[in-house]
Structures are given as structure tokens and as C-alpha cells.
Asks: 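Here it is, the structure, as C-alpha cells.
Quick note: numbers below take in every heavy atom, side chains included, and nothing from hydrogens, waters or symmetry partners. Chain identifiers are assigned alphabetically (A, B, ...) following the order of the sequence lines, protein sequences preceding nucleic acid strands; residue numbering begins at 1 within each chain.
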Amino acid sequence: MKDELINGNDLIALGYPANAVMKECKIILETHLSTLPKEQALEKFKLVLEDTQAFTEDDIWKNVAKILLSKPAKVIIELKDLSKSGTYNIFGQEYIEPGAKQQMQLAMRLPITHSGALMPDAHQGYGLPIGGVLATDNAVIPYGVGVDIGCRMCLSILDIPLYHFDENASKFKRELIAHTVFGAGAPRLKNRADHAVLHDPAFDQVPFLKQLQEKAAMQLGTSGSGNHFVEWGIVKIQDEQNEWNLPTGKYVGILSHSGSRGLGAQVAGHYTKLAEKLCSLPQEVKRLAYLSLDSQEGQEYWLAMELAGNYASACHHDIHQRLVEATGAEVLARVENHHNFAWKEQHGGKDLIVHRKGATPAGKGVLGIIPGSMTAPGFIVKGRGLATALDSASHGAGRLMSRKQALIKNNWNELRSMLKDHNVTLIGAGLDEAPTAYKNINQVMQAQSELVDIVGTFKPRIVRMADA
DNA sequence: ATGTCC
């Protein structure tokens, strides 16, 4: 081949895919076509592309033919131009790291995205940021829900007198240890669980779920690890108009935070992989791969997601029930909500799929729980239904430090002193969960005063988390 | 988040 050289762009212009075939073409160019004029060489490439089948046995071209036939060019879905992606509202702008905003901006550019919002506890995650809310059109993003599907809060307000709790603190601590199970992969202790959710028809409707049924039974009522907890604490009801007609004042309560354990994690992993296979997005957003709700896979994910949500809910109820029975308490009121989930909702008269990944549903009048930290209060909230926040609020204070960073910066002396100051007994946990690793919950609540009203607070007193 | 890549 004389004078001008053929390059990759020439081949792509002919219609060649930009994949492994390029390497083979380069070898042929160098070893067999080096003396041919450019036009003639291009003609040859064109012929191979048009009649690939005829070259599958050709000594020179068989590798090229094989790749052309086996690997059809993958169509990468294009992101919307920034100018057409629409804006999203950020609450608590000053508390949010740039990485989380960049992730949200990318999510806004998906072709399926309708609208979005970022909560004041937001920080970087896989795919959608934690604290990200994304409304899409008839499609679900497994990583827009998160790895721990149905991760949620549950608060039981009890009839136990405060003085009884204080006088018997060691018994309450013992029962908390006896009736909660922490640790990754940890199975339930002793008695085998039975619960309607373990017989959910979804286990038979979705083949992938069948193999997870036994694991789900083994782990029912367990809490897992990470930032999950079960705690005794003091509820303070301050809204006189509360729905339970409870007199304002202090109550003993149980607050728990956990999700769908191995069941949800396996579902998330499986359908994320499937989505990435079926929905090729540019590298920087590949974790936002989505499934159409009209597809078999999308419908399966939705069913599996709802099962994982119900399972997570059952886990909380099981934990609360055992603690309530062990202490002879009665439940006066209960507040609970998912904060890693997707819902079918109407916004502005349009049917949408609303993903909340680390965000609390806050539709008008909807109750929820936003935890603080092991020493900072959590909040019982009532949604204000702000449209620009897509009826959402934060799911907590949000991390200030990464786990790794927190392990380096925090120390046990400081943590022990904080626990003492706040009259908190801690069982388990590591320095990565120290209160100093989290944002200031009061600032976060201030930043979302348009999103939720405060009904009451919860001050942790005996906290159990997974061992470090 | 989960016994951490089918």
C-alpha cells in the first residue's frame, strides 16, 4: 500500500465496528496489503464486510470474518445533551460533595430520566448517589434502588414507663443482645422462622428467586452489618396533632435500621448484571443500566424488588416482636419506611418510576423516620409533599467521611467519651460508625425544612451494631 | 450492602 495509509477511522467509515476486529485488520494491512493502493485495499475491506460469510474459510480473512459474524457492533445508548437533560433540585447544596452532584447530573442525562432531586445527606455511591431521587419513564434502574433493596427504618413506640426502662437498663441490654443477630451472612439463631413472606408466590414465579428461598428463611429477623442497628431509645412526641393521639412527651422506643440481607443483595447483583448486558450505556454511567418495565426482565426485577422490600419489612417486625415479647411491652404506635426502593407514582399528572436510593418518601402527610447517629437524635417526620423534591427527604445525616477515612481519623477514647456524654451504651460497632463520621443531623434537618415537618425525636440509649 | 465475581 503506497503513500496514504488506511487507519481505523477509514474502516469505521466503511461500517466496521470499533472492537477487536481492528487488531486483526491491522495485521492484514501490515502483512498482506502493504503494497496495495489505498483505494484497492479499501475495496477489499468493503467486500469482506458486505459478504463476510464468504470469508469464513479464507486463510487471510477468516479471523476478521469470525469477529464480524460473532460480535455485532454493540449499540451504546447515547446520553442526552446537558442542555436537554433538565435540571434537578439540590437541597442542602453546601453539605454535598461534588462527586454526588456529578453522579446526579449524569443520571439526569439518561434517555429514560424525567426528573430528579438530591437530598441534603447525599454522597457518592455506585451509579446513583446515596441521597439521590430519580424519576424515570417506564424503566427501572437496579442500581438506582441500591444493593440493599428495601433497606428501611422501623420505630415502635412502647407503653413502658421511662423509670422502668432506666431501672432495668441491664435487662433491656441483655434482651437486645439475646434477640438480635448481626454480621454479614449471619443466620438466624435457634428457632426456625416462619412468616408469610417466605411463602410469597414470587418465589415460584421468578426462577432466580427459588434458590434464595432457603437463605431468606435462614436470615429472617437478622440485621446484617455496615450501618445497620437495633436500639432502645427515648421517643419524644412533640406534635400535639399526632395520628396516634398520643399525649406529647417521652416514651421508650425500639428503632431498627436494616434491609433485605442476602436475598436483596443477590437480586440486586443478578439484575444489575442483566441490565448491564441488555442496556449498554457509556462507561461512566454503566452502573445506571436500566430495564424496561415492558420487558420480561424488568417485570421480574420489579417482582423481586417488591419481595425483597416485604422481606426487609418482615425482618424488622420479627426483631421488634421478639424484643417486645421479651420485655412485656405493648406497641402504642409504629412508624416505618423504605429508603432504598422504587415506587410507581404520579407526579405532575404523569405516571413515573421514582427511585429513592437513600431517601425517605415524604409525600404530603406521609410519616417516616430519619435517623441521626448513635449519639445524635433521629427524627419522626411528616412529609410536606414538595414537588421539586419529588416528595422525598434525606434518609439520615449522611456520611461525612468514608469508612476508610473514619477508621483513620476517629479513635476509641473520643468515641467512648461521646457515648458517656450522651448516656449511650454501645454494643458492637467500629470507628467507621462513630458519630463524627456523619454530618450534623440538625444542619441536615434545617436544609430540608421545606420537605418535612418534625413530629418527634428519638434519642438512642442502648445501641447494637455489627462488631468491627 | 453482601460470606465480598457468575
Side-chain angles (χ1 to χ4, degrees), chain A residues 100 103 121-132 141-154 180-189 206-230 256-278 286-289 297 300-301 304-305 307-309 311-316 319 337-342 355-360 371 395-396 398-399 401-404 406-407 428-430 432-433 437-438 464-468:
Chain A
Q103 285 186 316
D121 61 338
H123 52 98
Q124 239 175 303
Y126 279 113
L128 200 64
I130 318 299
I141 306 167
Y143 261 13
V145 169
V147 176
D148 191 5
I149 300 169
C151 188
R152 70 201 313 277
M153 302 301 304
C154 183
T180 59
V181 178
F182 281 82
R188 183 190 177 86
L189 298 172
V206 181
F208 177 74
L209 291 177
K210 194 67 196 170
Q211 62 196 308
L212 303 174
Q213 197 165 16
E214 187 54 30
K215 184 200 272 280
M218 292 287 289
Q219 294 187 326
L220 190 103
T222 61
S223 295
S225 61
N227 56 1
H228 292 172
F229 60 76
V230 181
S256 52
H257 174 217
S258 54
S260 50
R261 312 289 289 105
L263 171 68
Q266 301 255 34
V267 167
H270 176 75
Y271 287 96
T272 288
K273 259 182 223 139
L274 199 56
E276 284 185 28
K277 208 178 285 179
L278 296 172
K286 69 169 187 169
R287 303 250 190 223
L288 292 173
E297 294 82 2
E300 271 186 21
Y301 174 77
M305 178 195 78
L307 173 66
Y311 176 76
S313 175
C315 287
H316 283 260
I319 294 164
N337 63 271
H338 292 326
H339 53 220
N340 278 14
F341 212 64
H355 304 73
R356 292 188 181 88
K357 185 187 189 186
T360 303
H395 81 312
R399 289 201 83 90
M401 302 175 193
S402 68
R403 288 184 183 283
K404 203 185 255 180
L407 288 172
D432 49 349
E433 285 301 327
Y438 285 90
R464 186 174 188 194
M465 301 188 84
D467 290 334

Asks: Counting the atoms with a prime plus P, OP1 and OP2 as sugar-phosphate, which does A:S260 contact under 4.0 Å by heavy atoms, base, sugar-phosphate, or nothing?
Replies: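 Answer is nothing: A:S260 stays at 4.0 Å or more from every strand.
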Asks: Can you list everything that forms a side-chain hydrogen bond (donor to acceptor under 3.5 Å, both in side chains) with A:E433? Sequence neighbours excluded, please.
Replies: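 A:R399, A:R403, A:Y438.
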Asks: Give A:H228 one of three labels, base, sugar-phosphate or nothing, depending on what nucleic acid heavy atoms sit under 4.0 Å from its own.
Replies: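 Sugar-phosphate only.
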Asks: Could you go through nucleotides 3-6 of chain B and list every protein N or O atom that sits under 3.5 Å from one of its N or O atoms, giving the distance for each pair?
Replies:
{"unit_1": "B:dG3", "atom_1": "OP1", "unit_2": "A:K215", "atom_2": "NZ", "d": "3.1"}
{"unit_1": "B:dG3", "atom_1": "OP2", "unit_2": "A:G185", "atom_2": "N", "d": "2.3"}

Asks: For A:H355, what residues pass the ring-ring contact (aromatic ring centres under 6.0 Å, His included) criterion, not counting sequence neighbours?
Replies: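 A:H355 satisfies ring-ring contact (aromatic ring centres under 6.0 Å, His included) with no other residue.
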Asks: Using the side-chain hydrogen bond (donor to acceptor under 3.5 Å, both in side chains) criterion, which residues pair with A:R464? Sequence neighbours excluded.
Replies: A:T180
Asks: A:K210: what forms a salt bridge (Lys or Arg N to Asp or Glu O under 4.0 Å) with it, not counting sequence neighbours?
Replies: A:D204
Asks: Under 4.0 Å, counting only non-hydrogen atoms across every strand here, what does A:G224 touch: a base, just sugar-phosphate, or nothing?
Replies: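 Sugar-phosphate contact only.
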Asks: Using the test side-chain hydrogen bond (donor to acceptor under 3.5 Å, both in side chains), find all partners of A:E297 that sit at least two apart in sequence or belong to another chain.
Replies: none
